[in-house]
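Right, one structure below, let's go through it.
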Protein chains: 2
Amino acid sequence: MKKDAKKEPLCNSIAGEGCGLKKVINIVGGKWKIMILCVIDNNETVRYGELSRSIAGITNTMLANSLKELEKDGLVERKMYNEMPVRVEYTLTDKARSLIPILLELKKWGEDNL
Amino acid sequence: MKKDAKKEPLCNSIAGEGCGLKKVINIVGGKWKIMILCVIDNNETVRYGELSRSIAGITNTMLANSLKELEKDGLVERKMYNEMPVRVEYTLTDKARSLIPILLELKKWGEDNL
DNA sequence: CCGCATCCTAATAGATACTG
DNA sequence: CAGTATCTATTAGGATGCGG
């Protein structure tokens with residue numbers, strides 16, 4: 001008989017660095033990341049200006065920075081077309097799409113419990 | 001025939017306030033919350049001093065503040081015993097326990113994708 | 001149109017010392 | 001033992017203007 005089912009801990013590492021959970025929270029944390037992912041997810045592919053107009057209150061600084069981080073973290077793909085004037089389009093990566101369902105669970109939990 | 005399955009959006013509100021997902025991320029965000037929840041979850045019930053010793057680098061300021069917030073948000077329960085010296089024990093609430101499985105999914109995603 | 005550079009403010013986190 | 005109080009440092013976020 002087992003006395004206690006061995007539980008998976010939330011964090012593996014002693015100080016939290018290197019913990020997969022903390023990593024995820026860090027990359028989607030920030031003030032605008034979720035909103036940005038949301039708008040791209042709703043539209044499949046979105047231009048920079050459309051993002052800017054869709055997200056109330058965001059500044060160019062924050063939008064550009066957040067997009068760059070999301071791209072670096074592999075959640076967002078950036079495609080630039082050298083037309084005149086230039087056109088830049090953002091889409092979610094497969095990686096990001098695989099994350100969405102989990103975030104939706106989290107969202108539901110929040111709605112039910114907060 | 002339906003052209004497009006209606007998708008649940010990540011955020012409902014236009015500026016993100018009131019969005020269940022952002023609320024969750026806010027209450028477990030911060031620098032230490034996950035670690036604290038982890039230690040309590042691993043031990044069922046934990047004293048303040050044990051938390052302090054278990055979490056490398058945390059200060060009293062941050063530990064006390066974080067615990068107070070987690071308690072306010074209904075994730076952690078605080079029980080104080082008026083012995084001498086005093087003993088204070090922290091446990092997870094049912095609410096918090098229902099959140100853990102989702103956080104573990106997120107953790108697994110992070111380990112697989114980051 | 002799509003950003004970047006700079007400067008500035010606000011929010012978070014940490015150090016240290018002290019108390020019921 | 002289990003915290004507070006105060007002060008400082010660090011980081012995140014915002015405003016504004018310029019550039020390819």
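Here the structure is a predicted model, which means the values were calculated and not measured. So that the names make sense, note that chain A is the first sequence line, chain B the second, and so on, each numbered from 1.
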Protein-nucleotide distance (B:Ile58, atom CD1; D:dA2, atom C1'), rounded to Å: 14 Å

Where B:Ile58 and B:Ser52 come nearest, the two heavy atoms and their spacing: CG2-O, 4.1 Å

Positions of residues 63-92 of chain A (non-hydrogen atom under 4.0 Å from DNA chain C), listed by number: A:Ala64, A:Lys68, A:Arg78, A:Pro85, A:Val86, A:Val88, A:Tyr90

For the student: nearest non-hydrogen atoms of B:Val86 and B:Arg47, plus distance: O-NH2, 3.7 Å

A:Arg47 side chain near C:dC1 phosphate (N/O to OP1/OP2, under 4.0 Å): no

Derivation and outcome, side-chain contact (heavy atoms from CB on, under 4.5 Å), residues A:Glu111 and B:Leu21: CA-CA 8 Å; A:Glu111 289 167 349; B:Leu21 179 51; over 6 Å; no

Closest non-hydrogen atom pair between A:Lys22 and B:Lys31, with its separation: NZ-O, 3.2 Å

Spacing of A:Tyr90 atom OH and A:Leu63 atom CG [to the nearest 0.5 Å]: 7.0 Å

Are any protein N/O atoms closer than 3.5 Å to N/O atoms in nucleotides 13-17 of chain D? If there are, list each pair with its distance.
unit_1	atom_1	unit_2	atom_2	d
D:dG13	OP1	A:Lys31	N	3.0
D:dG14	OP1	A:Lys31	NZ	2.5
D:dG14	OP2	A:Trp32	NE1	3.0
D:dA15	N6	A:Thr61	OG1	3.0
D:dT16	O4	A:Thr61	OG1	3.2

Heavy-atom closest contact (B:Leu92 atom, B:Ile40 atom, distance): N-CG2, 3.7 Å

Where B:Ile34 and A:Leu10 come nearest, the two heavy atoms and their spacing: O-CD1, 4.2 Å

Distance, rounded to the nearest Å, where A:Ile36 contributes CD1 and C:dG3 contributes P: 12 Å

Nearest-0.5 Å distance, CG of residue A:Leu104 to NZ of residue B:Lys7: 9.5 Å

